[in-house]
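Note on naming: letters A, B, ... go to the chains in the order of the sequence lines (proteins, then strands), and numbering restarts at 1 for each one.
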Protein chains: 2
Amino acid sequence: MGERPPTSRDLARLAGVSQATVSRVLTNHPRVSPDTRARVLQVLAETNYTPNALARAMKTGRTDTIGVFMTRVTSPFHAELLDEIGRLLSAAGLHMILWNIEHDPDESVAEMLQQRLVDGFLLTSATYDSKLHTAAVASGAPTVLLHRGIDDFDCDQVVGDNWQGAYDAGRYLVEAGHRDIGLVTLEHTGNSSRDRDLGFRAALADAGVTLKPRNVITTNVRHADGHAAAQKLLSRAKPPTAIYTITDLLAFGVLDGARARGVRVPDDLWVVGFDNTDLASWEAFDLTTVDQPIHAIVEAGIDLLRNRIADPTAETTIRQLPCKLVVRGSTAHTPPKPAGNHTT
Amino acid sequence: MGERPPTSRDLARLAGVSQATVSRVLTNHPRVSPDTRARVLQVLAETNYTPNALARAMKTGRTDTIGVFMTRVTSPFHAELLDEIGRLLSAAGLHMILWNIEHDPDESVAEMLQQRLVDGFLLTSATYDSKLHTAAVASGAPTVLLHRGIDDFDCDQVVGDNWQGAYDAGRYLVEAGHRDIGLVTLEHTGNSSRDRDLGFRAALADAGVTLKPRNVITTNVRHADGHAAAQKLLSRAKPPTAIYTITDLLAFGVLDGARARGVRVPDDLWVVGFDNTDLASWEAFDLTTVDQPIHAIVEAGIDLLRNRIADPTAETTIRQLPCKLVVRGSTAHTPPKPAGNHTT
DNA sequence: CTGGGCTATGAATACGTATACACAAGCGCG
DNA sequence: CGCGCTTGTGTATACGTATTCATAGCCCAG
C-alpha cells in the first residue's frame, strides 16, 4: 500500500526508452515517432502512473492552481460565488486553494504570495484598508479583483455595476410612490458597498425625495444586524414605508425584524435587497432584490486572470457588468399604499 | 516587477555562508552557531525572501496542504462545515485545496490522489456508491471521512451520532402527543441519511406509533423538494400534525410550503429538522432541529488526519459525537394540540 | 556517392530545497 | 600531549520532471 509511486523513469525503463522520451509523450511533444509514442502509451495504460504535479510545477513554474481569497463563506451570496468559482476553475482544469481572510492575518497571507504555490489570485473581498490586494499586486503575482473593486488601482477587476443596480432600486421605490424610505447600509469599506449606498441615494435625490438621516442605519453585515436595524426603524411612531438594504443578508434580517414586530410585508412595509441570492426566492422572504450576474462575473474574472498569467505585461482591464432588479413579493405589484400608517 | 524571486542560494551568498547553512537556519536545525544564525536572519530580514514551497515539498514529500472534497457548497450546512474546516486547517498551518464533487467527475478526482499535491484528504460527502472514498484509501493517501461515514470501511471517520439524534427527535414528537407524523427523507446514499431516517423510525416504533407509508416522502435535498413534500403531505384531508425532515434545508422548504398553504406553525403543524444551521435560528424559520457539533467534528477529523499523516500504519479510528435536540418555535412549548384538524 | 538538412532519441542539466556525508576545529581526559 | 568525541560548516546529491544539447540515422539533391 505505502509503495513509492512510479516515476517517469520507471515508465521509461519498462518501455525501453529514455525518461526524456516519456516526458515528451506526456506533454504531447511533436517530435516523437508514432510507434514509440504507442509503446509508451501502452506501458502507461498498464501502470497507474500519474505525473508528480510538484516536480512538474517546479520545472515549468506553473502549478495550475489559483489562490482564492474570500471572507464569510457562510454568507449565502459568498457561498454561491464560491460555488461558481469552483465550477468554472474546475472546468478550466485549474485547482483552487481557498483562503479565508478572516482566519489568516494579512502578514501570513503576504508570504503565500511569494511561495509560488499558485499561478495567480482571485480576490473576492477587497476592501480599501486591507493590505491584501496591494501586497498581491506588489508581489507581481497575477491578480484579479472579483465582485469587489477598488478605485484607481492598477489591477484587473470584474464587478457588478452596483451603482446602477442601487439606482434602479431607489428609482423603483420612488416611482411606486414611497417618500419615507429607510436605508440599511455599511461603512464604505470598498467600492461595492459605497456604490450600493450612493447609487440609491442618487436615485432618491434625482427624484427630489429626501432621505432622512434618522432613516439611515449604518451597521454590520450579519442577519442579526439587519434585524436590529428593522427594530430601530419600525419602532418609530411613523416608520418608513420601505427599506432598502445593501445586501440580501441584511434584508433577511429586516424581514425577520418586521415579522417579529408583526409588521406585514408588503402591506405595511416594502423591502428591497441586493444580490439575488437563492434564499431571496424562498417564500419565507420572497425578496425583491438586485440580481448580480454571478456567472458572468466569475467567467470574466477567470478569463482575465488566465490572460494575465499568460501575459503579465498586458494592459489592465476593469469590467463592470449590469445588474438587474428582480421584483418579488416583498414589494407589491399593486399600486403603492398611502403614506406611513403605524401598525404597532 | 517580474523579477525572479530570491532563492536560498542568493541568501547564502549575501550572508557569506553555504546554501546548506541557510536551509539549516530556516528549518531550525540545532547545529548552527548562534552568530551565523544571527547573520543569516539579518540578511533574511533585509531581503523579501520566502522559501519556494514547491521545492521544499518535493524534497520533504510534504506539502502542508489538505485536499477537501465537498458537495453543494451553497447548502447552509455545508457552508458552515467548510468555514470551520478552513478555520481549523488554517490554525494548524495547513492550506486547503477545495474540490467540488459535483463539478469534477470521479475519474479526474482519482488522478489527483496520486499527484502528491496534498498530504491527505478530508471527504465530507462520502456516499455508498461514490468511488471516491475507495479510490482515496486504495491509493494509500491519508484520508478521513468527515460528517458522512461508511459502514465497514477501513478508514478514519468522524461523524455525528445521527441515529441517536434522529431517535431523540422522534421521541420528542411522540412524547408531545403526536400520532400522525410525516417524514421527509432521502435515499439511503450514506450512513448519515440512513441513520437520520432509521433512528427516527425506531423512536416511533418503540413508542408504538406507526408511521404511515403515505406519510413518508423520499425526495431530493433542495429547498424546493421540501416545499413540494409539504404540499403533498398538507393537501390531505387529514394532514399529519408534525413533520420531521432529515436535513434543515428540507425543513425550510416544508415551512415555506406550509406558509404557502396558510398552515400555521406550530399551531397546526410542528416541524423538526436536522443540522441546526445558522438559518434555523432566524425568525423566518425558528426551527426546532438536531444540533450537529460541527466544531468538534472538524477538530477531531483534522486531528485524526494529522495523526494518520504522521503514522500511516496506525489503527483506524471511528468517532461518533453526540447530537442534541434544540427546541425552538417551530414546535410548541405548550402542550400538544389535539389530533389532526384540517385547515384548508 | 557524398554532404547537408531533418528527425527521433538519449544524455545531461536545472528548478530550489533538505539532508547525508566529509571534514576541520575545538575540547576533555587519559 | 595525543586520541576520540562533539560541533559547526561546506560539498555533494537527490527529489521527478521538462528541456537543451548532442548525435545517430536517414533522405534527397547535387
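- T71(A) and E102(A) form a side-chain donor-acceptor contact under 3.5 Å, judged by distance and modelled atom types alone.
- In this structure, N28(B) atom CG and dT19(C) atom C1' are separated by 16 Å, rounded to whole Å.
- Looking at which nucleotide of DNA chain D each of R39(B) and K59(B) is closest to, the 5′-most match is held by R39(B).
- Closest to the A20(A) side chain, of the nucleotides dG16(C), dT17(D), dG10(C), is dG10(C).
- In this structure, CG of D10(A) is placed 13 Å from C1' of dT17(D), rounded to the nearest angstrom.
- Between the C1' atom of dG16(D) and the CG atom of L11(A) lies a distance of 13 Å, rounded to the nearest Å.
- Contacts of V22(B) with the nucleic acid, taken as non-hydrogen atoms under 4.0 Å apart, are absent.
- Among dT9(C), dG16(C), dG16(D), the nucleotide with an atom closest to any side-chain atom of A55(B) is dG16(C).
- Distances shorter than 4.0 Å separate none of the side-chain N or O atoms of T7(A) from OP1 or OP2 on dG16(D).
- Using a 4.0 Å cut-off between charged side-chain N and carboxylate O, R306(B) and D119(B) make no salt bridge.
- Put simply, CG on D35(A) is 13 Å from C1' on dT7(C), counting in whole angstrom units.
- Using a 4.0 Å heavy-atom cutoff across all strands shown, T21(B) reaches sugar-phosphate atoms only and no base atom.
- In terms of phosphate contacts, T60(A) brings no side-chain nitrogen or oxygen within less than 4.0 Å of OP1 or OP2 of dA18(D).
- Atom-to-atom, CG of L117(B) to C1' of dC15(D) comes out at 16 Å; the value is rounded to the nearest Å.
- Taking 4.0 angstrom as the limit, R56(B) places a side-chain polar atom (N or O) nearer than this to OP1 or OP2 of dA18(C).
- With rounding to whole Å, L26(B) atom CG is found 12 Å from dG16(C) atom C1'.
- Put simply, S33(A) has a side-chain N or O that comes within less than 4.0 Å of OP1 or OP2 on dT9(C).
- In this structure, S8(A) reaches the dT17(D) phosphate: one of its side-chain N or O atoms is under 4.0 Å from OP1 or OP2.
- Side-chain atoms of R24(B) come within donor-acceptor range of the base of dG10(D), with a qualifying N/O pair under 3.5 Å.
- For T36(A) and dA8(C), the shortest distance from a side-chain N or O to OP1 or OP2 is not below 4.0 Å.
- For N52(A), the side-chain atoms get nearest to dG16(D) when compared with the rest of dT17(C), dT9(D), dG16(D).
- With hydrogens and angles ignored, the 3.5 Å screen pairs a side-chain donor or acceptor of R308(B) with a backbone N or O of A314(B).
- At a cut-off of 3.5 angstrom, the base of dA18(C) holds at least one donor-acceptor pair with the side chain of Q19(B).
- Checking side-chain atoms of Q157(B) against main-chain N and O of T317(B) turns up no donor-acceptor pair under 3.5 Å.
- Contact check on R87(A) versus D83(A) returns a salt bridge, with a Lys/Arg side-chain nitrogen under 4.0 Å from an Asp/Glu carboxylate oxygen.
- Using a 4.0 Å cut-off, some side-chain N or O of Y49(A) falls inside it from OP1 or OP2 of dT17(D).
- Taking the six-membered ring wherever Trp is involved, the centroid distance between the rings of H147(A) and F77(A) falls below 6.0 Å.
- Atom CG in L54(A) sits about 13 Å away from atom P in dA18(C), given to the nearest Å.
- Within the structure, every side-chain polar atom (N or O) of R9(A) is placed at least 4.0 Å from both OP1 and OP2 of dG16(D).
- Summarising the geometry, the separation between CZ on R116(B) and P on dG16(D) is reported as 10 Å, rounded to the nearest angstrom.
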